[in-house]
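The structure appears below as C-alpha cells.
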Amino acid sequence: MLPGGSSQARAAAPAPFRTPLPIPRVLDGAKLTIPIREAEVQVLPGARTRMWTYGGTFPGPTIRRPAGHRTEVTFRHELPRSAGELTVHLHGGHNRTQFDGQPGGLTPSHPRSFYCRIPSGLSPRSSGNDQLIGPGGRRTYVYDLTEDGRPERAAFQWYHDHRLDHTSRNIWRGLAGMWIVDDRLDVDLPLPSGDRDLALMIADRSFDRHNQLTDPFTGLQPPADGVNGHYVLVNGAYMPHHRVKAQRYRLRILNASQFRPYNLQLSNGAHFLQIGTDSGLMPHPVRRREAMIGPGERVELVVDFAVARGERVELRSGPRHGGRQSKGAVPYAGALMQFRVDSRRLPDRTKVPHKLRPLPGWAEHAPKKPQRSWEITVGGLFKTTWLLNGRTFNPARADARPVLGTTETWEIVNRTGVAHLMHMHLTDWYLISRNGKPPPPWEDCLKDTFLIHPNERILVAGRFVDHLGKFVIHCHMLDHEDHGLMGQFQVVKPS
Ligand SMILES: [Cu+2]
C-alpha cells in the first residue's frame, strides 16, 4: 500500500482551477493571541474538512512584522485532550531557546516513544516538557526578531507544530502558518509589493470520500516512511486560480509538505528571477526556469506576467533538468495553481536590482575545515530508525557545544539511500560545498534547510550569536524527524 491511505476510499478529484486562491488573513500586531482549535475548513468542494488549526483556518493567519520589533504571540491550546501537548516553532527565526518550540519529552499523555530512546524520569526542564502547551493551557512566545543585537534579515518564515513524535501528524492536520519579516533594506528595493507580493504555502494531503483527512501515519517505518498526499494544495485549496495584472509579482513559496519536493516551473516555459531563499534576499538575483524546494524550504521568485498578457499560466512542478533524482528528491509532476493574467497593458515601475543583500562577512570567512560532523544513517535489528551520529533523539542530550560568538563549519553526511532535508534551528547557514564542489548560485547564499542526496556530504557554516541553550538539528521530512532523525546542539558561554 502506498503511504497516504490508498486502501481507503478516496475523495474524487475536483475540477482544476475552479477555486480562487485563498489568501490567509494577515496579523501585524505586536501582541497576538491565536487559539489552536478544531475547525471545519473548506479545502475541497463539498463537505468541509475537520482540521486542527491556528485561529480557525488552514493555513493559519500570516504574521507579518518589521524586523527588530518585539512580537509576542500567545497560543491557546483548545484542541481535544487526545491531541496531547503542543509546541510551536517559528522556522527561520533567531529565537531564544525557551521560545523556539522545543519538541519536549515523555509525558503522562505520551508515555512512550516508539522510535526515540528517551530515558524515563527526566526533569521537566531537561526534557523541555516545561515549555510544552498542555490541553487547555496557553503559552506566550516572545520573538525579538533580532540577530546579533540588530534587526534580523527580512525573510519568509513559517510557524508550525514541533512536538516529539507527532510533528508530522500535527502539521498534516493543519498546524502551519506563514510568517513574513520585513526590514528597511528589503522594503526600500523597487520590488513588487502590496497585492503583488504573494505568499504561497504548498502542502499535499489525502482525503477520504467524506473529504476528511486520512491518517497515513500508522505502520510507517524507516526508510520507507515518507508520506505523500494525493492532492497538492496551495494555501489550503486544491489547484486554485488567481487573477493577476500583466506586471511583475513577488511569489514567496513555502513547501510545507511532509516528504514531497516540488520543482517549480511556469507552464509557458518562461524564466523567473529567484531573489530569495529560506533566509531572505540573496546577494544577486538568479535567472532560472525551475527551482526545486523540499519540505521546509522557501524560495522567493519574481515572475513577470507582462509577457503573458491575457493568458493563463500555471505554476507547476515537473521533472528536474539536471541534478540527481534520488529517492526523496523526485519532484511531484503536475499543476499546482493557475494565474489568470489580465489583458490590459500596464506600466510597471518595479524592477529587480542586480544587487540585493550582500553575504555577511562571517559567511565568507567561515572555517573551511569542519569542526563538527553529523552522519545520517538508518539502523536497528527488530525495528529500524533514522539515526544522527548513531543515535535517536533525546531531549536531555546535546551532541555539539558551539561557543557563543563564534562561527563553526559543520559537515553533514548522508549514508542512507534516501535524500534528506536537514534543518538547523537558531541561525542562518552558509553552504560552503557539496561533495567538495562549490554550490550553484542559488545555493551560494544563506539558508536554513539543505537537501542532501544519498552519499552526499555538505559543509555549512553558522554563526552563534545572541542565545545560549539547546536547539535542534533535524530532517524536515516530517516522518523522518518523528522517527529519530533529530539531534541537538547547545550554545555555551566562552570559558
Ligand atoms: Cu529525512
Side-chain angles (χ1 to χ4, degrees), residues 13-26 28 42-45 57 59 61-62 64 154 156 178 180 182 186-203 231-255 262-276 281 285-291 293 298-318 332 334-354 356:
F17 314 132
R18 290 267 178 86
T19 317
L21 174 75
I23 308 281
R25 77 200 149 102
V26 175
D28 58 6
Q42 193 78 61
V43 179
L44 301 178
T57 60
T62 299
R64 186 157 197 166
F156 179 37
M178 298 181 276
I180 297 170
D182 292 306
D186 191 315
V187 166
D188 284 346
L189 292 175
L191 296 168
S193 60
D195 62 1
R196 289 160 63 193
D197 175 359
L198 276 179
L200 305 173
M201 176 193 284
I202 305 176
Y231 299 111
V232 180
L233 313 175
V234 181
N235 288 357
Y238 175 66
M239 281 211 243
H241 72 265
H242 190 63
R243 295 181 192 281
V244 294
K245 292 169 253 183
Q247 291 177 313
R248 283 184 205 91
Y249 277 68
R250 178 179 187 164
L251 307 182
R252 306 175 190 250
I253 306 176
L254 156 69
N255 181 353
Y262 304 91
N263 187 42
L264 304 168
Q265 305 165 350
L266 295 167
S267 57
N268 60 355
H271 284 99
F272 44 74
L273 289 172
Q274 183 179 346
I275 59 167
L281 293 170
V286 182
R287 196 172 135 89
R288 307 183 70 184
R289 258 190 231 274
E290 57 180 36
I293 46 170
R298 290 86 75 206
V299 284
E300 297 190 36
L301 311 177
V302 172
V303 174
D304 191 355
F305 290 111
V307 300
R309 272 194 308 124
E311 294 173 20
R312 295 183 171 196
V313 180
E314 290 162 20
L315 176 67
R316 57 190 323 283
S317 172
Y332 175 76
L336 304 173
M337 65 171 290
Q338 181 190 63
F339 291 101
R340 299 183 179 172
V341 188
D342 195 274
S343 54
R344 274 170 300 178
R345 196 187 295 272
L346 282 176
D348 193 342
R349 274 194 283 263
T350 69
K351 62 178 185 211
V352 179
H354 177 64
L356 296 169

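Quick caveat, the model's predicted, so the values are computed rather than measured.
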_Those residues that, when tested against Asp195, pass side chain to side chain donor-acceptor pair (under 3.5 Å) (two or more places apart)_ = none
_Can you list everything that forms a salt bridge (charged side-chain N to carboxylate O under 4.0 Å, His left out) with Arg344? Sequence neighbours excluded, please._
Asp342
_Inter-residue atom distance Met337.CE - His241.NE2, 0.5 Å rounding_ = 9.0 Å
*Tell me, please, which residues at least two apart from Arg349 pass side chain to side chain contact (heavy atoms under 4.5 Å, CB included).*
none
*Rounded distance (nearest 0.5 Å) linking atom CD of Gln338 with atom CZ of Arg312*: 5.0 Å
*Do Met178 and Pro24 come within less than 4.5 Å of each other through their side chains, counting heavy atoms only?*
yes
_For Phe305, ring-ring contact (aromatic ring centres under 6.0 Å, His included) partners two or more places apart_ = Tyr249, Phe339
*Who passes side chain to side chain contact (heavy atoms under 4.5 Å, CB included) against Asp304, sequence neighbours left out?*
Arg248, Ala306
*Do any N or O atoms from the side chain of Gln247 and from the backbone of Pro347 form a donor-acceptor pair under 3.5 angstrom?*
yes
*So do Leu281 and Leu191 actually touch side chain to side chain, heavy atoms under 4.5 Å?*
yes
*Using the side chain to side chain contact (heavy atoms under 4.5 Å, CB included) rule, take Leu198 and Ile23 through it: C-alpha gap first, then chi angles, then the decisive distance, then the call.*
CA-CA 8 Å; Leu198 276 179; Ile23 308 281; 3.7 Å; yes
*So, does Ser317 use its side chain to make a donor-acceptor pair with the main chain of Asn263 at under 3.5 Å?*
yes
*Quick one: list whatever passes side chain to side chain contact (heavy atoms under 4.5 Å, CB included) with Val26, sequence neighbours left out.*
Thr62, Arg64
*Minimum heavy-atom separation for Val299 to Gln274, with atom names?*
CG1-NE2, 3.5 Å
_Checking Asn255 now: which residues fulfil side chain to side chain donor-acceptor pair (under 3.5 Å) with it, not counting sequence neighbours?_
Ser257
*Hey, does Thr350 have a side-chain heavy atom less than 4.5 Å from the side chain of Arg196?*
yes
_Residue list, ring-ring contact (aromatic ring centres under 6.0 Å, His included) with Phe17, at least two apart or on another chain_ = none
_Partner set under side chain to side chain donor-acceptor pair (under 3.5 Å) for Tyr238, not counting sequence neighbours_ = none
*Is the closest side-chain heavy-atom distance between Val232 and Tyr262 below 4.5 Å?*
yes
*Would you confirm whether Asn235, through its side chain, and Met201, through its main-chain N or O, come within 3.5 Å as a donor-acceptor pair?*
yes
_My understanding is that only residues two or more places apart in sequence, or in another chain, count here; which of them pass side chain to side chain contact (heavy atoms under 4.5 Å, CB included) with Ser267?_
Val313, Glu314, Arg316
_Nearest heavy-atom neighbours spanning Pro22 and Val234_ = CD-O, 4.0 Å
*Under the ring-ring contact (aromatic ring centres under 6.0 Å, His included) rule, collect the residues that match up with Phe272, sequence neighbours excluded.*
none
_Euclidean distance, Ile275 CD1 relative to Arg250 CZ, rounded to 0.5 Å_ = 4.0 Å
*Starting at CD1 of Ile202, measure out to CG of Leu254 and round the result to the nearest 0.5 Å.*
8.0 Å
*Does Leu315 reach the side chain of Ile253, with side-chain heavy atoms less than 4.5 Å apart?*
yes
*Calculate, to the nearest 0.5 Å, the distance between atoms CG and CG belonging to Leu356 and Leu189 respectively.*
6.0 Å
*Who passes salt bridge (charged side-chain N to carboxylate O under 4.0 Å, His left out) against Arg252, sequence neighbours left out?*
Asp197, Glu300
